[in-house]
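Worksheet: the structure to be examined is printed underneath.
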Amino acid sequence: MYDVAIIGAGVVGSLIAREFSRFNLSCILLDKENDVACGATKANTALIHAGYDASYKSLKGKLNARGNQLYTKLSEELNFPFKRIGSMVLGMLNEDRETIERLFENGVKLGIKDLKIIYKDEINRLEPNVDGAYDIALFAATAGITEPWEIAISACENAMNNGVELRLNYEVCSIEKQGDQFIINSDIQTKWIINCAGVHADEIFSLIEPTQNIISISPRKGEYFLLDKKAGGLVNHILFTCPTSVGKGVVISPTAHGNIIIGPNSEWTEKDDTKTTFAGLDEVLMKSRGVMKKIPVDLNIANFAGIRAEPELGDFIIEKVPDSNFINVAGIKSPGLSASPAIAEYVLDIFRSAYEPIDKLLPNPDFNPVRPSRINFMGLSDEDQNKLIEENPAYAHIVCRCEQISEAEIVDAVRRKCGARSMNGVKRRVRPGAGRCQGGFCGPKVIEIIARELGVSLEEVDFEKNDSKVLMGDNRYEE
Amino acid sequence: MKNSFDVVIIGGGPAGIAAAIESKANGASTLIIERDAFLGGILNQCIHNGFGLTRYNEELTGPEYAEREINQLTRAEVTVYKNTMVVTIDAKEHRIKIVSKDYGVLWINYTSLVLAMGCRERARGSVILPGKRPAGVFTAGTAQFYINIMGQKIGNTVFVLGSGDIGLIMARRLSLEGCKVIGVAEIRSFSSGLNRNIAQCLEDYSIPLMLEHTVVEVHGDSRVTGVTVARVNERYEPIESTKAFYACDTLLLSVGLIPENELTVQAGIKLDAYTKGPVVNQELETEVDGVFACGNVTFVHDLVDYVSASGKRAGHAAALYALEAETRQREMAISVSLGSNIAMLMPQRIVKQNRSEAFEMMLRVSKRIEKGKIIVSNDREILYTAIRSYLSPGEAITLSVNYPNFNLPIKVNVIEL
């Protein structure tokens, strides 16, 4: 019997799990995929908005502004990459002045610091590659870049170290109400359910046969280009273009690891449709060429598509279901990543105000907010590197040449709590395969390490999902 | 532990081995560094034959060719560091940083450095291949490693995108391993692979070569379930009405090789936009003092025999540099540039010297030419001219060009006849 079951281990579910692990509660985090962070969390623009965009009246607006502030401390505690590099909304004086001033004022109302409107000369100075036609921009110094999946992974690892249980490859198909508890899949008993199931949150909610406030989530797809680190320096800040009547532009931004990300477009689709298309990618390219004429597409190393959960009424849906210990955390579209630490706080507040008896909700005496950082071998001094090699020679085996990752770092990514179970899981955690050769050289070595660490055969190692086998058995022996 | 050598060679494949042997033969103390546990590089996984026809007048397999090279290296008593990765080149201080289980983290000083890291495959991102990202998409060389080195089966039904040599060889290899190869799509109107490979790897196995076709969508959530293939127009855009679905569980990519130059760039050495390798002179010396480059680092060669020859030349020049370093005076370099119908050429610089009458130039044409006149010239003189038939971008041409008498920029043209 659990106190709380959280459905969906994306960035929202994982941060909520960590928030709940501050208390003496038995918590389980469930996800249908083979790893945490496999929905919207793994494929998005990877940036933390300053928060001036969504209306100061909306929940989105408030939680984005608060979430952004929380990122400094959170990134220090969980040791995920986060850099406040600043963002710009680029516009043209004669068309966009009003929009930019409106965004500025909205941001001021939300208490967002270090917002300013800048003009042509400063735009050119900060971003020499941007098209000369842009002569006004909203500059937000607090906007930042991060690695969304690493936030979820680190939060989940920390939550697990503080007592939360994680169950992967677990799809919630039924929820039964029995007295004051829920029974999930006739298997997991829990007093509370927190529904963080992303694009599937409406389906999960429908499992308890709600009588009111039925929610509806529509999936929207965005496609992206990821450019080689050689393109680094193309832009120095997160660049948006001013939304116009013709639609929204694309973002061009550095990533936390020095690549360049370009995207997304936005188009209605089906849930789980993560395929890229010529048309979608063309649209992204065409729009990006409006920001700067020369986009080095020849440096593309990967394309991907992500799905956002678009709620019917536009704002986040974060509320307790009346007369039920069921909290929906749904419709967390952009700026969901930016808001997620504040969402976790907000959900905890809802939970506490309904928890009975409240004096029984005690802090977890063993809670440790710090998740130990990964060791970045190549970032260390010669002396420290030699010390590590002496302790563990696997540091001296450089497996990934593009990103220069050692075997020891990969082993650590598998062995930790919330460890990698697949090649992409390893890639998300420590980056072999994320570089320009996309795993061509290190893939076979990574498979061997995963198989050895998990104690399985090579053909049992997954690429991503459960049962997404890379290899099909030994060729050398015939029965 | 000796941490100072006249010549240090990065990469223990055919280029590096040839460079090491030649460097040692010229009297230089020589170190060769290999990141893998074995010398021989990619030859080890190329178990098909066709290697060595030029160098040994014999048709050898990759491992046989490697073995001969390694045996010569062993006899030459060159110092070899295996399982060792070079992570930094500090060209200014003439030193490199290595990481290895045996030696830990160590800086090694060199007088000459030879870059022989080979090349790598272009991956899915470089061709923009829409669709999902399931398991079962392999670059041809990685598939070759899984099959020939690890002895693993990679799939049952395979479609191949791109008709580079490795893709062709793997189409045959997979057929021999019991896989069904259902087709090879090539976006261009010709294959960049060698003619002999098209005959021996596709035609002999009844594998269709679909010219002017490409994969427009990858299907599958967990594992590849198929690909959609379409014919393309002259702008390489897919023609909607020609789309067809091919069920398969594996997609093999053979979409080109690219010189491996991460360290080169890091060392501050300029890359040539056409070869994708460092700018070099006819002695394979880069524009950075004491750094030489050879083999597939300079451009992707057609045959390993030429790679060995390139290594030998660089090893020779590197040893002479190391032994003469203090007395040497750098002459002004003459630039060589691309004229009509040239896709790439090397060397991009010529330094006048009196060791020989002519220098070797390699180039690729940018399109198929039935009959063409190759002219290497400056404003005052013609340094080389010849008429050649059946020029193809897939086959690099080697020319023996006379040294110029004038310090004028050189241009190379191929005129269609």
Side-chain angles (χ1 to χ4, degrees), chain A residues 223 225-226 228 230 272 274-281 297-298 300-305 377-378 382-383 385-386 389-390 393-398 401-402 404 406 423-424 436-441 443-444 447-448 458-459 462-477, chain B residues 35 83-85 87 97 99-107 117 120-139 141-142 145-156 177-178 216-223 237-238 249-250 253 258 260 262-263 265:
Chain A
E223 300 183 33
F225 286 83
L226 185 71
D228 194 298
K230 283 182 197 156
D272 301 323
T274 52
K275 68 174 190 230
T276 53
T277 62
F278 274 124
L281 293 171
V297 196
D298 56 319
N300 184 51
I301 55 174
N303 298 104
F304 61 90
F377 181 75
M378 278 302 157
D382 291 5
E383 201 189 344
Q385 286 178 337
N386 270 325
I389 292 172
E390 225 160 87
Y395 278 107
H397 180 208
I398 306 299
R401 94 201 125 169
C402 302
Q404 299 196 335
S406 67
M423 295 186 71
N424 280 350
R436 57 185 62 110
C437 91
Q438 291 283 295
F441 170 70
I447 281 205
E448 283 181 331
L458 292 172
E459 66 263 32
D462 285 318
F463 179 65
E464 174 75 297
K465 284 170 181 279
N466 192 20
D467 212 28
S468 62
K469 306 305 176 209
V470 179
L471 300 175
M472 296 190 172
D474 209 298
N475 239 344
R476 289 166 294 192
Y477 308 108
Chain B
R35 68 173 172 226
N83 294 309
T84 300
M85 191 80 133
V87 293
K97 180 177 169 179
V99 179
S100 115
K101 279 186 180 172
D102 300 328
Y103 316 109
V105 170
L106 192 69
W107 287 90
M117 295 87 71
R120 65 180 160 83
E121 296 184 281
R122 293 172 76 204
R124 179 172 175 175
S126 62
V127 288
I128 302 186
L129 186 55
K132 294 213 169 181
R133 310 213 295 163
V137 180
F138 298 89
T139 55
T142 306
F145 186 90
Y146 280 127
I147 295 169
N148 292 346
I149 303 290
M150 290 172 71
Q152 296 293 310
K153 182 173 183 178
I154 62 152
N156 293 307
E177 287 292 333
V216 297
E217 187 175 343
V218 179
H219 302 267
D221 285 313
S222 294
R223 176 85 191 191
E237 297 158 347
D249 59 24
T250 304
L253 301 178
I258 186 160
E260 177 81 64
E262 333 303 326
L263 285 169
V265 171

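Lettering of chains follows the sequences in order, A, B, ..., and the numbering in each one begins at 1. Values below: every heavy atom of this structure, side chains too, minus hydrogens, waters and symmetry copies. The structure displayed is predicted, hence computed values, not measured ones.
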* Structure fact -> Heavy atoms of A:Met472 and B:Asn156 approach each other most closely as SD-ND2, 3.7 Å

* Which atoms form the tightest heavy-atom contact between A:Ser468 and B:Ala135, and what is the distance? -> O-CB, 3.6 Å

* Asked: B:Gln152 versus chain A, heavy atoms under 4.5 Å apart: side chain, backbone, both or neither?
  -> both

* Asked: Are the side chains of B:Thr139 and A:Phe441 in touch, meaning some heavy atoms are under 4.5 Å apart?
  -> no

* **Heavy-atom contact with chain A under 4.5 Å, split by part of B:Glu237** => neither

* Side chain proximity check, B:Tyr146 to A:Ile447, heavy atoms < 4.5 angstrom -> yes

* Side chain B:Thr142, main chain A:Gly440, donor-acceptor under 3.5 Å -> yes

* **Pairs of heavy atoms under 4.5 Å with chain B: top-ranked of A:Arg401, A:Met378, A:Met423, A:Glu223** => A:Arg401

* Side chain, backbone, both or neither: which part of A:Leu226 has an atom under 4.5 Å from a heavy atom of chain B? -> neither

* Working to the nearest 0.5 Å, report the span between CD of B:Glu262 and SG of A:Cys402. => 5.5 Å

* Structure fact -> Given B:Thr84, B:Leu129, B:Val87, the one with more heavy-atom pairs under 4.5 angstrom with chain A than any other is B:Val87

* To do: Quick one: pull up OG in B:Ser222 and CG in A:Asp462 and give me the separation to the nearest 0.5 Å.
  => 8.0 Å

* To do: Check whether any side-chain heavy atom of A:Ile398 sits under 4.5 Å from a side-chain heavy atom of B:Arg35, and report yes or no.
  => no

* Asked: What part of B:Leu263 lies closer than 4.5 angstrom to a heavy atom of chain A: side chain, backbone, both or neither?
  -> neither

* Under a 4.5 Å heavy-atom cutoff, which of B:Gly151, B:Gly104, B:Ala123 has the most pairs with chain A? -> B:Gly151

* Structure fact -> Applying side-chain contact (heavy atoms from CB on, under 4.5 Å) to A:Glu390 and not counting sequence neighbours gives none

* **Sub-4.5 Å side-chain heavy-atom contact between A:Pro444 and B:Met150** => yes

* Region of B:Asp249 in contact with chain A, defined by heavy-atom distances below 4.5 Å -> side chain

* Cationic N near anionic O, under 4.0 Å, A:Lys275 to B:Glu217 -> yes

* Structure fact -> Applying side-chain contact (heavy atoms from CB on, under 4.5 Å) to B:Ile258 and not counting sequence neighbours gives B:Arg120, B:Arg122, B:Lys276

* Option in A:Cys437, A:Gly439, A:Ala305, A:Gly473 with maximal non-hydrogen atom pairs under 4.5 Å from chain B -> A:Gly473

* Asked: Under a 4.5 Å heavy-atom cut-off, does chain B meet the side chain of A:Asn466, its backbone, both or neither?
  -> backbone

* Which atoms of A:Asp272 come close to chain B, meaning under 4.5 Å heavy atom to heavy atom: side chain ones, backbone ones, both, or neither? -> backbone

* Asked: Taking all atoms of both residues into account, what is the closest heavy-atom pair of B:Pro130 and A:Thr277, and its distance?
  -> CB-CA, 3.7 Å

* Asked: Between A:Asn386 and B:Val105, what is the shortest heavy-atom contact and its length?
  -> OD1-N, 2.8 Å

* Structure fact -> If you tally heavy-atom pairs under 4.5 Å between each of B:Ile149, B:Val218, B:Asn83, B:Val216 and chain A, the highest tally belongs to B:Val216

* **Under 4.5 Å from any heavy atom of chain B - which part of A:Glu383** => neither

* Asked: Rounded to the nearest 0.5 Å, how far does CG of B:Asp221 lie from OG1 of A:Thr274?
  -> 6.5 Å

* For the residue pair A:Phe463 and B:Pro134, establish whether any side-chain heavy-atom pair is separated by less than 4.5 Å. => no

* To do: Look only at the side chain of A:Thr276 and the backbone of B:Gly131, and say whether a donor-acceptor pair between them is shorter than 3.5 Å.
  => yes

* Within the side chain of A:Asn300, is there an N or O that forms a donor-acceptor pair under 3.5 Å with the backbone of B:Ser126? -> no

* **A:Ala394 versus chain B, the contacting section by heavy-atom distance below 4.5 Å** => backbone

* Heavy-atom side-chain proximity of B:Val99 to A:Tyr395 below 4.5 angstrom -> no

* Any idea which heavy atoms bring A:Val470 and B:Arg223 closest together, and the distance? -> O-NH1, 2.9 Å

* Do the non-hydrogen side-chain atoms of A:Leu471 and B:Lys153 ever get within less than 4.5 Å of each other? -> no

* Sort A:Lys465 into side chain, backbone, both or neither according to what part of it lies under 4.5 angstrom from a heavy atom of chain B. => side chain

* To do: Check each atom of A:Gln404 against the heavy atoms of chain B and say whether the ones under 4.5 Å are side chain, backbone, both or neither.
  => side chain

* Asked: Can you tell if the side chain of B:Met85 reaches within under 4.5 Å of the side chain of A:His397, non-hydrogen atoms only?
  -> no

* Asked: Where the side chain of B:Arg133 meets the backbone of A:Phe304, is there a donor-acceptor pair that is under 3.5 Å apart?
  -> no

* Asked: Do B:Lys97 and A:Asp382 sit within salt-bridge range, that is, some charged N less than 4.0 Å from a carboxylate O?
  -> yes

